[in-house]
Amino acid sequence: MHKPALPQEGTDTFQDQIRIVLVETSHSGNIGAVARGMKNMGLGNLWLVNPVSFPDETSYARAAGASDVLDKAQVVSSLDEALADCVLVMGTSARGRKVPWPVIAPPEAAAKAAEHTPAGPVALVFGRENHGLSNEELQRCHFHIHIPSNPDYSSLNLAMAVQVVTYEMRMHYLRGLEGGEGSPYLKAMTMPGDDGWDVPLAPVNDVEGFFGHLEQVLVDIDFHRRENPRQLMTRLRRLFQRSKLDQMEINILRGILTAVQKSAGANTTGTSETAGNPASGQDKDHV
């Protein structure tokens, strides 16, 4: 029994019209791996030209939750059948053909696909595991897609090649959504204040309170002398301000400082209240 399909992301014209065509795939597990990679990137239109073995348990096992892509796969006897209604055909190929052919990288292939999908299906053709597409098959393609892999080790597994190309399709699709680079799928989350961060950025007053507390602790443990400060606090200030601390992080750090003072036998009176948020108010659930 194969694994049940996981929910499919909603599709639109671009995603529906991208057709992944595999020519004479010899290992059915690769077909399953391709289906998984396609579904990862929101695609589900798979065509198989003369596969050696399909469907079988190996392909469904490798699909890992993308069995619906395999269930809908079209199996045909010739490349002509797979391409008949397509408005654009692009096939993966290494460089170095005797007769130069238009060659583009995966990002440019995604842009070409987006231009043509409103008019009809766009086929992305991938060849056999051992020797790719024949010259005759490549001549059926308007463009050759070249993946710029390491020239000293350029051979890609079939599923890997499909994943690279479909990833670029996905990225182009996401950039085209309303909001462009502001799409929540692409927007980075790297610091407090970014969408999705769980705690607000610490206000200046709280950060200054932390610096005062930190300096006092360093004095208490004889690590820092105010009469001969050199540049210690300047460098520590630069370090922590570069970190963009959030409110919870400030509370945690001040709790640590208070614990250090207690362990050192120093007087902690007043130090935890220097900032707007006392260290004793830290939320243990966030530690």
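As a basis for the values below, the full set of heavy atoms in this structure was taken, side chains included, without hydrogen atoms, waters or symmetry mates. All of these numbers come straight from a predicted model, not from anything done at the bench.
Other residues, nucleotides and ligands contribute at most 12 non-hydrogen atoms within 6.0 Å of the OH atom of Tyr167. The environment of Met160 atom CE is sparse: at most 12 non-hydrogen atoms of other residues, nucleotides or ligands sit within 6.0 angstrom. For Arg226, the CZ atom sits in a packed shell: over 12 heavy atoms of surrounding residues, nucleotides or ligands are nearer than 6.0 Å.
Note: Asn150 CG to Ser155 OG = 11.5 Å, rounded to the nearest 0.5 Å. The distance from atom NE2 of His27 to atom CD of Glu129, rounded to the nearest 0.5 Å, is 5.0 Å. The line from CG of Leu88 to CZ of Phe143 is 6.5 Å long, rounded to the nearest 0.5 Å. Distance check, rounded to the nearest 0.5 Å: OG of Ser154 to CD1 of Ile147 gives 10.5 Å. A distance of 12.0 Å separates CZ in Arg237 from CG in Leu239, rounded to the nearest 0.5 Å. Taking CD of Glu208 as the reference point, atom CG of Asp206 lies at 10.5 Å (rounded to 0.5 Å).
For the residue pair Arg36 and Ala63, the shortest heavy atom distance occurs at CB-O, 3.4 Å. Asn45 and Ile18 make their closest contact through CB-O, 3.3 Å (heavy atoms, listed as atom of the first residue, atom of the second, distance). For Gly127 against Leu158, the heavy-atom pair with the smallest separation is O-CD1, 3.9 Å. Gly42 approaches Arg170 most closely through the heavy-atom pair CA-NH1, 4.3 Å. Heavy atoms only, all atoms of each residue included: Val207 and Ala202 are closest at CG2-CB, 3.9 Å. Nearest heavy atom pair, residue Asp68 against residue Gly65, reads OD1-O, 4.2 Å.
Judged purely by atom type and a 3.5 angstrom limit, Trp47 has no side-chain atom pairing as donor or acceptor with the backbone of Ala123. No donor-acceptor distance shorter than 3.5 angstrom exists from the side chain of Thr117 to the backbone of Phe14, with no hydrogens or angles considered. Side-chain atoms of Thr258 come within 3.5 Å of backbone atoms of Arg254 as a donor-acceptor pair (strictly under, hydrogens ignored). Not one N or O on the side chain of His224 forms a donor-acceptor pair closer than 3.5 Å with the backbone of Glu215. Looking only at distances, no side-chain donor or acceptor of Glu24 sits under 3.5 Å from a matching main-chain atom of Arg128. In this structure, the side chain of Asn50 engages the main chain of Ser77 through a donor-acceptor pair within 3.5 Å. A distance-only check finds no donor-acceptor pair linking the side chain of Ser59 to the backbone of Pro55 [under 3.5 Å].
Ser28 and Asp56 form a side-chain donor-acceptor contact under 3.5 Å, judged by distance and modelled atom types alone. A donor and an acceptor atom, one from each side chain of Ser134 and Glu137, are located under 3.5 Å apart. Side-chain atoms of Asp220 and Gln216 include a donor-acceptor pair closer than 3.5 Å. Side-chain polar atoms of His116 and Gln17 form no donor-acceptor pair below 3.5 angstrom.
Note: the hydrophobic cluster containing Val52 does not contain Leu22 (ILVMFWY, side chain heavy atoms under 4.5 Å, direct or indirect links). Taking hydrophobic clusters as Ile, Leu, Val, Met, Phe, Trp and Tyr residues chained together by side-chain heavy-atom distances below 4.5 Å, Val217 shares a cluster with Phe223. Residue Leu236 is grouped with residue Ile221 when hydrophobic side chains (ILVMFWY) are merged at heavy-atom distances under 4.5 angstrom, including chains of intermediate members. Following chains of ILVMFWY side-chain contacts shorter than 4.5 Å, one cannot reach Met191 starting from Met248, and the two form parts of different hydrophobic clusters. Cluster membership for Val260 and Ile252, using ILVMFWY side-chain heavy atoms within less than 4.5 angstrom, is shared.
Counting only heavy atoms from C-beta outward, the side chains of Ile145 and Pro106 approach each other to under 4.5 Å. Counting only heavy atoms from C-beta outward, the side chains of Met169 and Gln15 never approach each other to under 4.5 Å. Trp101 has its side chain out of reach of Leu138: every pair of non-hydrogen atoms, C-beta onward, lies at least 4.5 Å apart. Looking at heavy atoms from C-beta onward, Arg238 lies in side-chain contact with Arg242 at the 4.5 angstrom threshold.
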Test side chain to side chain contact (heavy atoms under 4.5 Å, CB included) on Val69 and Lys72 and set out the steps.
CA-CA 5 Å; Val69 177; Lys72 297 183 298 182; 5.6 Å; no

For a side chain to side chain contact (heavy atoms under 4.5 Å, CB included) check, start with the C-alpha distance between Leu83 and Arg19, then their side-chain angles and the critical distance, and finish with the verdict.
CA-CA 9 Å; Leu83 304 182; Arg19 179 179 300 179; over 6 Å; no

Please walk me through it: do Val165 and Met90 pass side chain to side chain contact (heavy atoms under 4.5 Å, CB included)?
CA-CA 11 Å; Val165 175; Met90 295 184 282; over 6 Å; no

Let me see the working for Leu46 and Ile31 under side chain to side chain contact (heavy atoms under 4.5 Å, CB included), right down to the final yes or no.
CA-CA 9 Å; Leu46 175 62; Ile31 297 174; 4.3 Å; yes

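Using cut-offs of 30° and 60° for the angle between ring planes, the Phe240 and Phe210 rings count as perpendicular.
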